[in-house]
Amino acid sequence: MNKTLLATLLLSAIFSSTSFAAEQSTTETATYSPSEPLVLTPVVTEENDASLVEEAPKFDDTMHYFVGLTGGMADMSFSLVHATSSSDKFSPSSPDASGFAGADIGFYTAGGKGRIYYSYQKMSGESEFDNKKIADTDVTLHLLSADYFFRADKAINPFVGAHVGYMTAETTSEKYGSYKQSNPVLGIQAGVAWRISDHFTTEVGARHTASQRKEQTDWAGSEGKDIVYPNTQSDLKSITTFYMSANYRF
C-alpha cells in the first residue's frame, strides 16, 4: 500500500514539472519580439573586397613614346640553286631556325589602343647540303609597323598589326662566292601584351614578313638570254619570327 502511494506521488510530481516547463516555454515564445531586425553581414575576404583588388594600370588620354628590346627565333624561307650545266644542278636546304635580336622605338596613341613604331632586326641562318654547311645568310630588316590593341583598359591586351619595310640579305659560300639581295617587304603580326605597370610592358607574338622581290638575279650574272655556268641562284622569300619583347613607355 505504501509503495503504491509513493509511486503515485512520484508520477504526480514528474507530470507537474513537465507541464510547468512546457507552459513556461510556450509563454516565452509567444511574448518574444526582437528589438532589432535580423541582418546578415557578409564575410569580407580578399576575393570579394573590391578595395583589396588592384586595378590594372591604364593609359591616359595623351600620346606616349616608348622604346623596346626584342628577341626570339627566326625561320627563313630561302632557296639556293647551284648549276654547273643545264642538267647538273643541286639545291641546299633552307636555313634552320635561328635566333634573332632587335630594337623598337615609337609611340602609343591616346588611350593606348594603337601604336606606330620602327623596328630594327638582325638575324642569320645556315644552309646545308649532305649534312655540311654550304652557305651563310645574314639578314637585316628595317620595318615600320602599326598595331591595334584589344581590351586597352585591361592589363592583358591582344593585338594585331601590319608592317612595311626594307630588307637586305647577304649570302656567302666558300665554294660559290657571295651575293646580296635587297628589296621591299610586307607583313603582318599578332600577339599578346601584358602591362606590368604604367611604364613597363612585356609581350609575346609572331611576325611574318614576305619579300616583294619581282626578279631573281643570278650570282654569276648572265649575258642576254645565255646563262653563264657555273651559275648560282638564290632567293629569300619570307621570314617568320616568334618573339618576346620588353618595352618602356615614357
Side-chain angles (χ1 to χ4, degrees), residues 66-81 91-106 108 115-150 155-174 178-196 200-213 216 233-249:
F66 78 95
V67 294
L69 296 176
T70 183
M73 298 296 295
D75 186 18
M76 303 179 190
S77 177
F78 178 80
S79 66
L80 176 64
V81 179
S91 178
S93 62
S94 291
D96 295 331
S98 59
F100 83 95
D104 303 322
I105 183 171
Y108 288 93
R115 67 179 175 184
I116 298 175
Y117 55 102
Y118 161 79
S119 298
Y120 172 85
Q121 298 179 3
K122 187 76 174 178
M123 59 199 69
S124 62
E126 297 181 353
S127 297
E128 295 183 350
F129 184 75
D130 289 340
N131 297 322
K132 295 181 180 179
K133 186 177 74 172
I134 199 71
D136 290 309
T137 301
D138 298 319
V139 182
T140 301
L141 293 175
H142 302 272
L143 306 176
L144 181 62
S145 303
D147 294 335
Y148 178 81
F149 289 89
F150 302 93
I156 298 178
N157 318 119
F159 66 88
V160 295
H163 60 269
V164 298
Y166 199 77
M167 173 185 71
T168 60
E170 182 177 8
T171 302
T172 58
S173 173
E174 294 182 358
S178 63
Y179 177 75
K180 292 183 179 181
Q181 173 184 340
S182 58
N183 52 265
V185 294
L186 292 173
I188 57 175
Q189 65 267 358
V192 177
W194 176 36
R195 196 175 312 143
I196 301 175
F200 288 99
T201 302
T202 63
E203 64 186 69
V204 295
R207 178 182 285 109
H208 181 74
T209 303
S211 170
Q212 300 303 298
R213 186 182 187 185
Q216 180 171 304
Q233 297 178 343
S234 66
D235 187 18
L236 180 54
K237 300 177 181 179
S238 65
I239 302 172
T240 301
T241 58
F242 301 92
Y243 68 91
M244 297 181 63
S245 64
N247 302 321
Y248 180 83
R249 184 180 73 102

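All figures in this text were calculated on a predicted structure; none of them were measured in a lab.
Asp136 is linked by a side-chain hydrogen bond (donor to acceptor under 3.5 Å, both in side chains) to Lys133, counting only residues two or more places apart in sequence or in another chain. Under the side-chain hydrogen bond (donor to acceptor under 3.5 Å, both in side chains) criterion, Thr168 pairs with no residue, sequence neighbours left out. Every side-chain contact (heavy atoms from CB on, under 4.5 Å) that Ser211 has, sequence neighbours left out, goes to Met167, Gln181, Asn183, Arg213. With sequence neighbours excluded, the residues satisfying side-chain hydrogen bond (donor to acceptor under 3.5 Å, both in side chains) with Thr171 are Thr137. The side-chain contact (heavy atoms from CB on, under 4.5 Å) test applied to Val67 returns Ile105, Tyr248, Phe250, not counting sequence neighbours. Phe159 pairs by the ring pair (Phe, Tyr, Trp, His ring centres under 6.0 Å) definition with Phe149, not counting sequence neighbours. Thr240 pairs by the side-chain hydrogen bond (donor to acceptor under 3.5 Å, both in side chains) definition with His208, not counting sequence neighbours.
The stretch residues 178-194 participates, sequence neighbours left out, in no salt bridge (Lys or Arg N to Asp or Glu O under 4.0 Å) pair at all.
Annotation: Met244, atom CE; neighbour count of heavy atoms from other residues, nucleotides and ligands within 6.0 Å does not exceed 12. Sparse packing is recorded around CD1 of Ile188, with 12 or fewer heavy atoms of other residues, nucleotides or ligands lying under 6.0 Å away.
No side-chain donor-acceptor contact under 3.5 Å links Glu203 to the backbone of Thr201.
Note that CG of Asp104 is 8.0 Å distant from OH of Tyr243, once rounded to the nearest 0.5 Å. Atom-to-atom distance recorded for Leu69:CG and Asn247:CG is 8.5 Å, nearest 0.5 angstrom. Considering OG of Ser79 and CG of Leu236, their distance stands at 8.5 Å, rounded to 0.5 Å. With values rounded to the nearest 0.5 angstrom, Ser98 atom OG is found 8.5 Å from Glu126 atom CD. One finds the CZ atom of Phe242 at 10.5 Å from the CZ atom of Phe100 (value rounded to the nearest 0.5 Å). Atom CD in Glu170 sits 11.0 Å away from atom OG in Ser182 (nearest 0.5 Å).
What you find for Tyr166 and Val185 is that their closest heavy atoms are N-CG2, 3.8 Å. Shown here for Thr70 and Ala103, the closest heavy-atom pair between the two residues is CG2-N, 4.1 Å.
By the 4.5 Å heavy-atom criterion applied to side chains, Met123 and Met76 are counted as neighbours.
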Begin with the C-alpha distance, continue with both residues' side-chain angles, and end with the deciding distance and a verdict on side chain to side chain contact (heavy atoms under 4.5 Å, CB included) for Asp75 and Ile239.
-> CA-CA 6 Å; Asp75 186 18; Ile239 302 172; over 6 Å; no

Hey, can you pull the donor-acceptor pairs under 3.5 Å for the side chains in residues 139-148, sequence neighbours left out?
from	atom 1	to	atom 2	distance (Å)
Thr140	OG1	Lys122	NZ	2.9
His142	ND1	Tyr118	OH	2.8
Asp147	OD1	Gln189	NE2	2.7
Asp147	OD2	Arg115	NE	2.9
Asp147	OD2	Arg115	NH2	3.0
Asp147	OD2	Tyr117	OH	2.8

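His163 and Thr209 are linked by a side-chain donor-acceptor pair at a separation below 3.5 angstrom, with hydrogens and angles left out of the test.
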